[in-house]
Amino acid sequence: MKARILFVCLGNICRSPMAEAVMRHQVEQAKLTDQIMVDSAGTGDWHLGHPPHEGTRDQLDQHQISHQGMKARLVTPDDYNTFDYIVCMDTNNLRDVRKLFFGEGKATAEESKRLFTFMELLPAKGIADVPDPYYENNFPFVYELVDSGCKELLKRVKADLKLNE
Ligand code: 4NP
C-alpha cells in the first residue's frame, strides 16, 4: 500500500463516510486498490459502531456506490502515523484533529502537510467547510462537493505516487 487516506468529520456518519465510499469507488474504477487505501473517522463519539446516516446511504445507493459494512469510529492519535492524507471535512474538524495529534503545541510545517481541509481541494468554490447535512439536510449538494473533491484528491495522490507518468 503506497498511499493511505483518512477522511475526518464530526459524527463519522454523514460527510466522512460519504467521502470514504466515493473515494474508494473512484480508486476501484482507476484500478488502484492495491496502491491506495481509504478510511474515515469522527472526532465525536455519539455514533460509534453505527452505519452511515440514511441520507448518506441514499446518495450512495443512487450512485451505485457500496457502503456495506461501514461503521463509525473515533479518530485516534495513532491515525497520524498510519495515514498519509488526513482530510478534514470542515475547519472545526481540522482544529480538533490538530489538537489530538499535537496537543496545544504547534505542528511543524512538515507535520501539518498531511493534514488539510476537504474544501482546499476545491478552491474555486470559495467555501471553507463542507456543510454538515446532519443539520442542513442537503445531502445531494454535499454529494456533489464530495464527488468533485475526491476526483481532485485522486489526481493529487496519483501525481504524488508518480502514477501519471
Ligand atoms: P457528520 O455529521 O460529522 O458529517 O457525520 C454529524 C453527525 C452527527 C452529529 C453531528 C454531525 N451529532 O451531533 O450527532
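All ligand and atom numbering here is 1-based and tracks the order in the structure.
Geometric assessment of R114 against the ring of Y80 yields a positive cation-pi assignment under the 6.0 Å and 45° thresholds.
Sorted by first then second residue, the side-chain hydrogen bond (donor to acceptor under 3.5 Å, both in side chains) pairs that include residues 53-63, not counting sequence neighbours, are D61-H67. Identified under the ring pair (Phe, Tyr, Trp, His ring centres under 6.0 Å) test for residues 26-46, with sequence neighbours left out: none. Screening residues 1-16 for salt bridge (charged side-chain N to carboxylate O under 4.0 Å, His left out) gives R15-D90, R15-D132 as the qualifying pairs, with residues at least two apart or on separate chains.
At a 4.0 Å heavy-atom cut-off, the residues surrounding ligand 1 are C9, L10, G11, N12, I13, C14, R15, W46, H47, D132, Y134, Y135, listed by chain and number.
Using a 4.0 Å cut-off between charged side-chain N and carboxylate O, R156 and E152 make no salt bridge.
Across all their heavy atoms, A41 and L74 have their closest contact at CB-C, 3.9 Å.
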